[in-house]
Every structure is written in structure tokens, then in C-alpha cells.
Amino acid sequence: ALDADSGTPRLAYLYGWPRGGTKQRPPAAQLTAPLKPFSPPIVSGGVVYVLPADGTALMALDAASGTRLWETPVPTSDQLIGLVDGRIVLTGDLAGGCLVDASTGKMGPAFVVPGGSTGRGLVTQDRLLIPTAKGIQGVDLRTMKLGELLLEWPEELKGPASPQKPVYPSAPPRANGGANLIASGS
């Protein structure tokens, strides 16, 4: 972590790699966990929550000292979405997600999105919005029940993208078929 005013390093944490828990990086060919490129850390109440791009665990670190407060294995989660009412919202495995207690790391209720997610979701005060092949689906974070389709994609964007039907023809194959939700306003 960097100091916001000066840009100088303030915190670094060395964690174990997915295979064998060593502190030494294995050759790229030996990495066993899928990369999680869309999981920026969340900082709240003096705690930094991280889901490393190359790891298999969600961690809570004391923001001042870097001390690990807890670590929870989350092998199928690939996106750290947000923090609402003391619960961390994770999505992953393209099929759904779960909540994690921010103070203990204990896994909480899970949900499933039929057809899976096609991109990074967005958290509001009481709802998770998830892009799917059909449109934007809502999940009620109080009940963990899947709601109705909130927004339906235009016909030309429906369904999974493929090399034969890319959403963005000039994008690399892995980039096609996804949507990232972004909030704006107050």
C-alpha cells in the first residue's frame, strides 16, 4: 500500500503461493490457481481486504501494521466485489457468489445465478447487480435470493460471445462476452 499524500510505500504483505504455501514464486507453468485480475483491494475501518490475483484465499490485513487478521480459502471466487453491512461480497466460478463475515472471515450464505455471470458485478446498499448473458440480474443481499432481470440486453448482445460472434470484434478472445458495471452519481 502507498501513502495517499506522498506515494511512498507504507505496507507490503508476502503471502504463500497456492501450491505448497511457500513464499517463493513457482515457475509460471506450475501456477495452479486461476488468475483473478478484477479484484482490487477494499479498505474499510483500518482493514485491507485482499483476494490476490494468483491466490486461493481472501485475507484481512491490519492497514497500519500489515498483520494478517484472518485468511479464508475461497477456491471458486474470483472477484472481490464490495463490503456491505460488515459482509464482503464475492462472486466467482461464473455461477454465483457468497458473503463473508468481514470481522471473522467466516463464509456465509451463497447464491447461484443461472447461466452464470459474464462480468464484474456492482454492490448497492442491499443488492448485488450482476451482468449475465441476458442482461443485469439482481441478488437481494438480505435474503440471498435472485431477483428479476433488471435490464435486458438488446438482442444483438444477448447470449455468450464466441469467436464466431464477438461482442467487440477487435478485442482479444478472453475479453469478449463480458460486462463490468460502474456506478455514477450520488
Side-chain angles (χ1 to χ4, degrees), residues 1-4 6-113 116-123 128-131 139 141 144 171-183:
L2 302 176
D3 183 277
S6 68
T8 58
R10 288 195 55 207
L11 172 70
Y13 182 79
L14 183 62
Y15 58 92
W17 289 87
R19 181 181 291 186
T22 68
K23 302 286 185 190
Q24 189 174 17
R25 181 182 182 131
Q30 293 180 10
L31 292 177
T32 58
L35 291 181
K36 303 165 188 64
F38 302 114
S39 289
I42 295 173
V43 181
S44 178
V47 179
V48 180
Y49 301 96
V50 293
L51 182 60
D54 55 359
T56 58
L58 173 66
M59 292 175 266
L61 308 174
D62 180 277
S65 68
T67 302
R68 185 179 67 201
L69 304 172
W70 53 258
E71 181 174 331
T72 299
V74 287
T76 61
S77 293
D78 60 7
Q79 294 183 5
L80 179 57
I81 301 294
L83 179 66
V84 176
D85 293 332
R87 300 173 302 167
I88 299 164
V89 181
L90 298 173
T91 62
D93 204 11
L94 301 178
C98 67
L99 299 179
V100 177
D101 185 292
S103 62
T104 65
K106 182 179 178 193
M107 298 294 284
F111 59 89
V112 174
V113 177
S117 169
T118 59
R120 183 169 172 78
L122 174 72
V123 172
L128 170 64
L129 306 176
I130 302 175
V139 176
L141 293 175
M144 297 305 286
R174 295 189 107 192
N176 280 303
N180 292 324
L181 302 182
I182 300 170

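Predicted model only: the values in this text are computed from it and were never measured. Numbers for residues simply follow the sequence, beginning at 1.
- Across every non-hydrogen atom of Met107 and Cys98, the tightest pair is CE-SG, 3.3 Å.
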Please tabulate, for side-chain N and O atoms in residues 41-49, each donor-acceptor pair with protein atoms closer than 3.5 Å (sequence neighbours left out).
from  : atom 1 : to     : atom 2 : distance (Å)
Tyr49 : OH     : Ala102 : O      : 3.4

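- The side-chain contact (heavy atoms from CB on, under 4.5 Å) search around Thr104 returns Asp101, Lys106, not counting sequence neighbours.
- Among residues two or more places apart in sequence or in another chain, the side chain to side chain donor-acceptor pair (under 3.5 Å) test is passed with Thr67 by Ser65.
- When side chains are defined from C-beta on, Gln79 does not count as touching Leu51, because their heavy atoms never get closer than 4.5 Å.
- Of all non-hydrogen atoms in Ala57 and Pro52, the two that sit nearest each other are O-CD, 3.4 Å.
- With sequence neighbours excluded, the residues forming a side-chain contact (heavy atoms from CB on, under 4.5 Å) with Leu141 are Val84, Arg87, Val89, Leu99, Val123, Leu128, Met144, listed by chain and number.
- Here Arg120 contributes atom CZ and Leu80 contributes atom CG; the two are 7.0 Å apart, rounded to the nearest 0.5 Å.
- Going from atom CD1 of Ile88 over to atom CG of Leu58 covers 4.5 Å, rounded to the nearest 0.5 Å.
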